[in-house]
There are 2 protein chains.
Amino acid sequence: MVKHSDEQLDRIYGAISHPVRRKILEQLGASAATVTALADPFAMSLPAVSKHIRILEAAGLVNRTIDGREHRLALEARPLLPATAWLERYRSFWEARLDLLEDRIRTRARR
Amino acid sequence: MVKHSDEQLDRIYGAISHPVRRKILEQLGASAATVTALADPFAMSLPAVSKHIRILEAAGLVNRTIDGREHRLALEARPLLPATAWLERYRSFWEARLDLLEDRIRTRARR
DNA sequence: CGAATGCTTAACCACTTGGTTTACAATAGT
DNA sequence: ACTATTGTAAACCAAGTGGTTAAGCATTCG
């Protein structure tokens, strides 16, 4: 139970921990695209981009539909929900910290 | 400019992509703790946990204060803010998708 | 048909990750 | 002064990452 969602989080966070893969997701956020179109902005071989795409696919963040010789990739954002949810649990921590900081600044300013 | 925050995101997402490190952060969310205390729940050698902690430290997610022979680790949640912010940009995508799904279900139910 | 396009597979390489064990340094307890 | 505790450092290993080039397979175009 726990293990399954754990591995999903592993794959999601691992997938978005690389700048190229984040950029690819951003591109796909604008519109679906083929592999060569996605690879175009990067100074990198096509197989390298292909590997990144496979990692995104394994994380469930990208859907591939093969149409003739073109592979059309589309963003699949749903798996990002649990990843965001896990992080949201820490929002209170940094907000609390910032509140403390504000308090300290106010206190210092008063005297 | 872009590169710097990129590397920060790389380190953050990389750090939380491992279940042991997420568990450590969760423990630290409850309270600060020493290395051995943090290592206790894991079936793993102390040096292994020590390495995980160093990765969290490098990502800026943990603060270490050395007190005698004990190292007291504390959660530093602020760096999670940009990581959450990046993910939040995709919230609209999955919400839109869910809306579409709901629409489809409603439409199907109507006929 | 022949040639170009889109993409993957395979083999290779350097580097990193995640774990181990062993050894060590420093502090604390008896 | 020992001894136990806390933690790191170093050396090692297997597996994974991130990239390359070369080859190959389908598909489309001329």
Side-chain angles (χ1 to χ4, degrees), chain A residues 2-3 6-28 31-75, chain B residues 2-3 6-28 31-75:
Chain A
V2 176
K3 213 168 186 184
D6 256 25
E7 288 170 10
Q8 182 61 10
L9 281 183
D10 294 356
R11 269 181 254 120
I12 297 285
Y13 288 135
I16 64 177
S17 73
H18 195 288
V20 167
R21 292 191 291 261
R22 285 199 302 278
K23 289 280 189 306
I24 289 176
L25 289 182
E26 288 170 13
Q27 289 184 246
L28 292 179
S31 85
T34 63
V35 175
T36 41
L38 287 173
D40 186 56
F42 302 107
M44 193 183 305
S45 70
L46 202 57
V49 175
S50 186
K51 279 193 190 181
H52 283 300
I53 291 173
R54 238 187 328 169
I55 290 176
L56 289 170
E57 228 181 336
L61 293 174
V62 147
N63 287 326
R64 182 193 305 253
T65 57
I66 302 181
D67 179 27
R69 63 184 168 182
E70 291 189 347
H71 295 207
R72 179 153 239 83
L73 288 320
L75 177 64
Chain B
V2 176
K3 214 168 184 184
D6 256 27
E7 288 169 10
Q8 182 63 8
L9 281 183
D10 294 356
R11 269 181 254 119
I12 298 286
Y13 288 134
I16 64 177
S17 73
H18 195 287
V20 166
R21 293 193 289 263
R22 286 199 303 278
K23 288 279 190 305
I24 289 177
L25 289 181
E26 288 170 12
Q27 288 184 248
L28 291 179
S31 86
T34 63
V35 176
T36 41
L38 288 173
D40 187 56
F42 301 107
M44 193 183 305
S45 71
L46 201 57
V49 175
S50 186
K51 281 192 188 181
H52 283 299
I53 291 173
R54 238 187 329 168
I55 290 175
L56 290 170
E57 227 180 338
L61 292 173
V62 147
N63 287 326
R64 181 192 305 252
T65 57
I66 302 180
D67 178 28
R69 63 181 169 183
E70 291 189 347
H71 295 208
R72 179 151 239 84
L73 287 320
L75 178 64

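As a basis for the values below, the full set of heavy atoms in this structure was taken, side chains included, without hydrogen atoms, waters or symmetry mates. Residue numbers start from 1 in every chain, and the chains themselves are labelled A, B, ... in the order their sequence lines are given, proteins ahead of strands.
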Engineer: Return yes if the base of dT6(D) and the side-chain atoms of R69(B) contain a donor-acceptor N/O pair under 3.5 Å, otherwise no.
Structural biologist: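 It does not, because no donor-acceptor pair links the side chain of R69(B) to the base of dT6(D) below 3.5 Å.
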Engineer: Please work out which of the three classes, parallel, tilted or perpendicular, describes the rings of Y13(B) and Y13(A), given edges at 30° and 60°.
Structural biologist: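 Rings of Y13(A) and Y13(B): parallel, as their planes differ by under 30°.
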Engineer: Output the rounded distance in Å from CD1 (I16(B)) to P (dG18(C)).
Structural biologist: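 Interatomic distance, CD1 of I16(B) to P of dG18(C): 13 Å.
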Engineer: Check the distance between dA26(D)'s P and D67(A)'s CG and give it to me in whole angstrom.
Structural biologist: 17 Å
Engineer: What's the CZ-P distance between R54(B) and dT6(D), to the nearest Å?
Structural biologist: 20 Å
Engineer: Does a side-chain N or O of S45(B) approach OP1 or OP2 of dT20(C) to a distance below 4.0 Å, or not?
Structural biologist: yes
Engineer: Taking only N and O in the side chain of H52(B), is any of them less than 4.0 Å away from OP1 or OP2 of dT17(C)?
Structural biologist: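 Indeed not, no polar side-chain atom of H52(B) lies that close.
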Engineer: A74(A) and L28(A): which non-hydrogen atoms are nearest, and at how many Å?
Structural biologist: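 For A74(A) and L28(A), the tightest heavy-atom pair comes out as C-CD1, 4.3 Å.
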Engineer: May I ask you to verify if any side-chain N or O of T36(A) is less than 4.0 angstrom from the OP1 or OP2 atom of dC7(C)?
Structural biologist: yes
Engineer: Whole Å only: how far is the CD atom of E70(B) from the P atom of dA4(D)?
Structural biologist: 18 Å
Engineer: Quickly work out the R72(A) CZ to dT5(C) P distance and round it to whole Å.
Structural biologist: 19 Å
Engineer: Would you kindly give the CD1-to-P distance between I55(B) and dT16(C), to the nearest whole Å?
Structural biologist: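 The answer, rounded to whole Å, is 12 Å.
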Engineer: Minimum heavy-atom separation for Q27(A) to A37(A), with atom names?
Structural biologist: NE2-O, 3.8 Å
Engineer: Kindly say if R21(A) contacts the phosphate of dG18(D), meaning a side-chain N or O under 4.0 Å from OP1 or OP2.
Structural biologist: yes
Engineer: Is any side-chain heavy atom of H52(B) closer than 4.5 Å to one of L38(B)?
Structural biologist: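 No - every pair of side-chain heavy atoms lies 4.5 Å or more apart.
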Engineer: Counting only side-chain heavy atoms from C-beta out, which of dT8(C), dT20(D), dT20(C) sits nearest to M44(B)?
Structural biologist: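 Selected nucleotide (nearest to the side chain): dT20(C).
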Engineer: Just do the side-chain contact (heavy atoms from CB on, under 4.5 Å) check on H71(B) and I53(B) with the steps written out, would you?
Structural biologist: CA-CA 11 Å; H71(B) 295 208; I53(B) 291 173; over 6 Å; no
Engineer: In whole Å, I'd like the distance from the CD atom of E57(B) to the P atom of dG7(D).
Structural biologist: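 Taking CD of E57(B) and P of dG7(D), I get 13 Å after rounding.
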Engineer: Taking the nucleotide of DNA chain D with the closest heavy atom to each, which residue, K51(B) or L46(B), is nearer the 5' end?
Structural biologist: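 Result of the comparison: L46(B).
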Engineer: Which whole-number value in Å describes the distance from I66(A) CD1 to dC25(D) P?
Structural biologist: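 Between P of dC25(D) and CD1 of I66(A): 17 Å.
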Engineer: By nearest atom, which of the nucleotides dG18(D), dT6(D), dC7(C) is closest to the H71(A) side chain?
Structural biologist: dC7(C)
Engineer: Is any side-chain N or O of T34(A) closer than 4.0 Å to OP1 or OP2 of dG6(C)?
Structural biologist: no
Engineer: Between dG19(D) and H18(A), is there an OP1 or OP2 to side-chain N/O distance shorter than 4.0 Å?
Structural biologist: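 Indeed, a polar side-chain atom of H18(A) lies that close.
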